[in-house]
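This chain uses plain numbering: 1 for the first residue, then up along the sequence.
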Amino acid sequence: MPAFSAEALAVLDAAYPEHIVRLTHDRADHPLLALPALVELAATLPAASVEYNPGALPIGIAPEDVPSPPLSVVETIRSIEENGSWMVLKRIEQHPDYAALLADTLAEIAPMVRAKTGAMLGTEGFIFISSPGAVTPFHLDPEHNILLQIRGSKVMTVFDVRDEAIVSPQAHEAFHLGKQHRNLVWRDDYAVRGAAHALSPGDAIYVPVKSPHWVQNGPEVSISLSVTWRSEWSYEEADARAMNHFLRTLSANPASPKRWPGSNKPKSLAYRVLRKAGIAGRH
């Protein structure tokens with residue numbers, strides 16, 4: 001069964017790549033996304049591909065302040081109902097069954113993506129498993145992302161990536177240079193600038209590249225599938241950010257990269273040349 005209906009694909013096509021949009025999907029009953037299958041998946045993934053955290057976290061928290069989880073990954077999943085945690089199984093395509101699931105899901109949207117931002121690059125899948133009430137702190141991600149809610153409910157609050165009062169140009173630059181963690185500084189006055197999206201099984205949401213967001217889980221165990229990809233446009237925007245950092249070291253005050261459909265190719269090419277020559281680097 002396809003993941004997305006023709007109507008959902010049309011909604012996504014109208015919004016991609018710049019606008020947050022709600023969708024529907026038909027993956028909620030997929031056997032690979034049931035809790036018993038995810039216990040088996042977690043046991044096969046490399047340790048570096050499993051991240052798990054306490055669920056009772058504030059919206060904003062520095063990565064070094066996140067407490068260490070007390071249980072193993074398999075024990076965490078098996079007792080997710082009561083242990084107060086959230087976890088993510090990263091790069092699920094390392095398992096052949098989940099690689100096929102990811103490929104089949106992304107194949108449905110690949111034509112519209114290719115027409116706007118070029119071929120899908122660096123495709124990856126992530127599965128989030130969360131205890132009742134768990135909070136995923138305020139952060140951003142570098143990929144185009146569709147989150148499909150499989151079990152339980154959650155509220156994802158998403159902010160406009162163009163709002164530089166929340167994420168400054170310098171913070172974007174540091175992120176792409178590996179000097180800024182995905183977690184962001186939170187201030188309570190940001191709350192009114194975000195849009196809260198309640199998600200139940202069968203709901204999905206497209207989140208544009210680097211749109212800041214945080215997540216509050218509902219009163220039941222939640223399972224979500226995140227399918228992600230990069231594009232040449234997103235890589236060019238990242239390189240343009242890095243180029244801007246280099247220009248600041250020369251006392252320049254560069255303009256922020258253009259949003260789609262604007263092109264950042266000149267700055268991106270310039271940065272790639274400077275990096276190859278050893279004049280500018282990511283660190």
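A donor-acceptor contact under 3.5 angstrom links the side chains of Ser256 and Glu164, judged on distance only. Using modelled atom types and a 3.5 Å distance limit, the side chains of His176 and Lys210 yield a donor-acceptor pair. In summary, the side chains of Thr228 and Asn145 do not present any donor paired with an acceptor at a separation below 3.5 Å, with no hydrogens or angles considered. Checked by atom type, the side-chain pair Gln149/Ser222 shows a donor-acceptor distance below 3.5 Å. For the 3.5 Å distance criterion, the side chains of Ser130 and Lys154 fail to qualify, holding no donor opposite an acceptor. In this model, a donor atom of one side chain and an acceptor atom of the other lie less than 3.5 Å apart for Ser49 and Gln94.
Taking all atoms of both residues into account, the shortest heavy-atom contact from Leu32 to Leu38 is O-CD2, 3.5 Å. Taking both residues in full, the closest heavy atoms of Asn244 and Ala255 are given as ND2-O, 2.9 Å, listed atom of the first, atom of the second, then distance. Taking every heavy atom of both residues into account, Tyr98 and Ile127 meet most closely at CE2-CD1, 4.0 Å. Listed here is the closest heavy atom pair of Thr136 and Trp86: OG1-CD2, 3.9 Å. Taking all atoms of both residues into account, the shortest heavy-atom contact from Leu184 to Pro212 is CD1-CB, 3.9 Å.
For Asp188, the CG atom counts as loosely surrounded, since its 6.0 Å shell holds 12 or fewer non-hydrogen atoms of other residues, nucleotides or ligands. Enclosure of atom NZ in Lys90 by more than 12 non-hydrogen atoms of other residues, nucleotides or ligands within 6.0 angstrom is indicated. Around CG of Asp26, the count of heavy atoms belonging to other residues, nucleotides or ligands within 6.0 Å exceeds 12.
Residues Val11 and Leu9 fail the side-chain proximity criterion, which asks for heavy atoms closer than 4.5 Å. Looking at Leu89 and Phe126, their side chains never come closer than 4.5 Å, going by heavy atoms from C-beta outward. Looking at heavy atoms from C-beta onward, Phe246 lies in side-chain contact with Leu274 at the 4.5 angstrom threshold. Met87 places a side-chain heavy atom less than 4.5 Å from the side chain of Ile77. Looking at heavy atoms from C-beta onward, His172 lies in side-chain contact with Val161 at the 4.5 angstrom threshold. No side-chain heavy atom of Phe138 sits less than 4.5 Å from a side-chain heavy atom of Thr157. For the pair Thr24 and Glu7, the minimum side-chain heavy-atom distance is 4.5 Å or more. Side-chain atoms of Ile205 and Val21, non-hydrogen and from C-beta on, never get closer than 4.5 Å to each other.
When each of Arg241, Glu236, Met243 is paired with Pro257, the side-chain contact (heavy atoms from CB on, under 4.5 Å) condition holds for Arg241 and for no other. Each of Arg182, Gln170, His181 was compared with Phe175 under the side-chain contact (heavy atoms from CB on, under 4.5 Å) criterion, and only Arg182 meets it.
Taking the six-membered ring for Trp and thresholds of 30 and 60 degrees, Trp229 and His144 have nearly parallel ring planes, at less than 30 degrees apart.
With His213 contributing its side chain and Ser211 its backbone, the two residues share a donor-acceptor pair below 3.5 Å. For the pair Asp163 (side chain) and Ala165 (backbone), a donor-acceptor distance under 3.5 Å is present. Side-chain atoms of Gln216 do not come within 3.5 Å of backbone N or O of Met156 as any donor-acceptor pair. Under a 3.5 Å cut-off, the side chain of Ser79 and the backbone N or O of Glu82 do not form any donor-acceptor pair. Although no hydrogens or angles enter the test, the distance criterion places a donor-acceptor pair under 3.5 Å between the side chain of Trp233 and the main chain of Gly262. Judged by distance alone, with hydrogens and angles left aside, the side-chain atoms of Ser131 form no donor-acceptor pair with the main-chain N or O of Ala134 at under 3.5 Å. Put simply, the side chain of His139 gets close to the backbone of Pro137: a donor and an acceptor are under 3.5 Å apart. Under the 3.5 Å distance criterion, the side-chain polar atoms of Glu18 are left unmatched by any main-chain donor or acceptor of Arg259. Although no hydrogens or angles enter the test, the distance criterion places a donor-acceptor pair under 3.5 Å between the side chain of Thr105 and the main chain of Leu101.
Atom OG of residue Ser200 and atom CZ of residue Arg151 lie 14.0 Å apart, to the nearest 0.5 angstrom. Between Met1 atom CE and Asp104 atom CG the span is 13.5 Å, to the nearest 0.5 Å. One finds the CD1 atom of Ile129 at 6.0 Å from the CG atom of Leu35 (value rounded to the nearest 0.5 Å). Here Arg114 contributes atom CZ and Ile109 contributes atom CD1; the two are 11.0 Å apart, rounded to the nearest 0.5 Å. Atoms CG and OG, from Asn217 and Ser85 in turn, are 11.5 Å apart once rounded to the nearest 0.5 Å. Note: Trp260 CH2 to Ser231 OG = 10.5 Å, rounded to the nearest 0.5 Å.
The side-chain tip of Arg230 points at the ring of Tyr235 from less than 6.0 angstrom away and within 45° of straight on.
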Worked check of ring-ring contact (aromatic ring centres under 6.0 Å, His included) between Tyr190 and Phe159: CA-CA 9 Å; Tyr190 289 168; Phe159 298 77; 7.1 Å; no

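Asp239 and Arg272 are joined by a salt bridge, as a carboxylate oxygen and a charged side-chain nitrogen come within less than 4.0 angstrom of each other.
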